[in-house]
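Notes for the one structure printed next.
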Amino acid sequence: MRRILPAFGLALLSPLVAEFLLGDFPLTSLHFLVLLAPTYGGAALLIREVARRAGIGWPGIVLLSLAYGVFEEGIMTMSLFNPNYAGQRLLDPGFVPALGIGVPWTLFVLALHTVWSMSVPIALAEELTGARRTTPWLGKVGLTVTAVLAVLGAAVMTVFSYMIGQHFLASVPQLVSIVVIVAALVVLAFRLPRRTGVVPMAQAPAPWLVLVVTLVAGALFEAPNLLLGDQVGLGIALLAGVEVGMTALVLFWSARRGWDGRHRMALAGGALLTYVWQAFFSGPVVPSTPLINLVSHIVFGLGALVLLAFAARRVATSAPTPQSR
């Protein structure tokens, strides 16, 4: 049980962060975990186990997480192409007719899955395990079961999304393009050159600085949804700037001497806290009441704070970890 407990934890943490902490589902919809755990949790666990077995580290995990995001929104829900998914007109701002996508929504939703649905839960679950952070948690049987559940979860999610998406189907070229992009991202994840050292005489920044920068980046990332309204160009610039800037900054920082679990926790914690505060400005995708929504945001937010406190204490009391990509 000790061996597989982190796997169970990640399988539940991923959907809880991705949908409940985000504010899409209130406490009264916890039964949706039966559907979401195999889908989100199965994918997160599968990505983590495959990446750690292959030794491709965090660059590989992030690319596989992006591949999952492209697959979910391009094939499972088809929200990248559906002009009126769940009646929300998500593609109207910045719509590109030649591609059939809305640029702001594409940038936004793919980042949600890459960072929050997959990478943040994986990072938190790993830091909580201490010495077993980079070792596989499952054997061959467990990995096979996880893969089967992830596929079944994706199939159920596809059918469910087809129903609430007004039976929309993307065109064949759009679906083919998604398959090609997903395949390319997976191949790239396993072909990236492995970094073997750190930048000489360069010290990683203080963890508190990483946390502050991540919180600021999270606020800028959410700004187009909360403040900018019809200023599509500015929204696209902010989203793209934050995503490219943070990617470059983390790659630069993580190659420096002294980068360890405290810095990884600062990144994951800053991202998680972004979800905590933005949930109070979002509405659920299922029927609910303002009181239930408020209570749900408070409960899930407090849960996130408790989890961060445990993970931070675990990192602080453990021995310094070696440089890991």
Side-chain angles (χ1 to χ4, degrees), residues 14-15 18-19 22 24 35-36 38-40 42-44 46-47 50 60-119 147 150-192 221 224-225 228 230 232-233 235-244 247 285:
S14 178
E19 297 292 352
L22 172 64
D24 280 354
L35 169 64
L36 298 173
T39 308
Y40 285 106
L46 192 61
I47 287 170
V50 169
I61 289 174
V62 171
L63 282 173
L64 292 177
S65 299
L66 176 57
Y68 169 82
V70 174
F71 182 79
E72 176 174 329
E73 301 301 328
I75 291 182
M76 290 166 58
T77 69
M78 300 189 191
S79 79
L80 293 181
F81 308 114
N82 189 339
N84 194 32
Y85 181 73
Q88 298 185 56
R89 307 299 304 179
L90 298 170
L91 307 188
D92 287 356
F95 183 69
V96 180
L99 301 177
I101 65 172
V103 176
W105 173 246
T106 299
L107 291 173
F108 182 75
V109 75
L110 294 185
L112 291 189
H113 288 306
T114 303
V115 177
W116 284 275
S117 300
M118 299 291 129
S119 296
V151 171
L152 290 176
V156 173
M157 177 70 78
T158 301
V159 173
F160 179 76
S161 298
Y162 177 73
M163 295 171 59
I164 68 172
Q166 301 171 339
H167 296 181
F168 172 86
L169 285 175
S171 67
V172 172
Q174 287 172 330
L175 294 175
V176 170
S177 68
I178 292 298
V179 172
V180 171
I181 292 171
V182 169
L185 288 170
V186 171
V187 171
L188 181 60
F190 288 93
R191 293 298 183 92
L192 282 177
F221 179 80
N225 287 327
L228 300 181
D230 295 330
V232 176
I236 292 174
L238 267 178
L239 289 172
V242 170
E243 292 171 13
V244 173
T247 299
V285 297

Is there a side-chain contact between Leu175 and Met78 (heavy atoms, below 4.5 Å)?
yes
Nearest heavy-atom neighbours spanning Ser117 and Ser14
O-OG, 2.6 Å
In the structure I gave you, are the side-chain heavy atoms of Trp105 and Leu110 within less than 4.5 Å of one another anywhere?
no
Residue pair Phe81 / Glu73, side-chain heavy-atom distance below 4.5 Å:
no
Per the side chain to side chain contact (heavy atoms under 4.5 Å, CB included) rule, which among Leu239, Val232, Leu238 passes with Ile236?
Val232
To the nearest 0.5 Å, what is the distance between CE on Met76 and CD1 on Ile178?
12.5 Å
Shortest non-hydrogen separation from Leu36 to Pro15 and the atoms involved:
CB-CB, 3.7 Å
The test is side chain to side chain donor-acceptor pair (under 3.5 Å); show your working for Gln174 and Ser171 and say whether it passes.
CA-CA 5 Å; Gln174 287 172 330; Ser171 67; 3.2 Å; yes
Ile75 side, atom CD1; Met157 side, atom CE - distance, nearest 0.5 Å
14.5 Å
The reported gap from CG in Leu64 to CG in Leu185 (rounded to nearest 0.5 angstrom) is 8.5 Å
List the steps and the verdict of ring-ring contact (aromatic ring centres under 6.0 Å, His included) for Phe221 and Phe108.
CA-CA 8 Å; Phe221 179 80; Phe108 182 75; 5.1 Å; yes
Taking side chain as C-beta onward, heavy atoms only, is Leu91 less than 4.5 Å from Ile101?
no
How many angstroms lie between CE in Met118 and CG in Leu112, if you round to the nearest 0.5 Å?
11.5 Å
Rounded distance [0.5 Å steps], CD1 in Ile61 versus OG1 in Thr114
12.5 Å
Could you tell me if the side chain of Val62 sits less than 4.5 Å from the side chain of Ser119, heavy atoms only?
yes
Atom pair CG/OH of Leu35 and Tyr40 - distance to nearest 0.5 Å:
9.5 Å
Going through the distances and angles, do Trp116 and Leu22 end up as a side-chain contact (heavy atoms from CB on, under 4.5 Å)?
CA-CA 9 Å; Trp116 284 275; Leu22 172 64; over 6 Å; no
Would Phe160 and Thr39 satisfy side-chain contact (heavy atoms from CB on, under 4.5 Å), going step by step from the backbone distance to the final call?
CA-CA 12 Å; Phe160 179 76; Thr39 308; over 6 Å; no
Between Tyr162 and Phe168, is the side-chain contact (heavy atoms from CB on, under 4.5 Å) condition met? List the steps.
CA-CA 6 Å; Tyr162 177 73; Phe168 172 86; over 6 Å; no
For Gly42 and Ala150, which heavy atoms make the closest approach, and how far apart are they?
C-CB, 3.9 Å
Restricting to ring pair (Phe, Tyr, Trp, His ring centres under 6.0 Å), what partner residues turn up for Tyr68, sequence neighbours left out?
His113
Asn82 and Leu169, any side-chain heavy atoms less than 4.5 Å apart
no
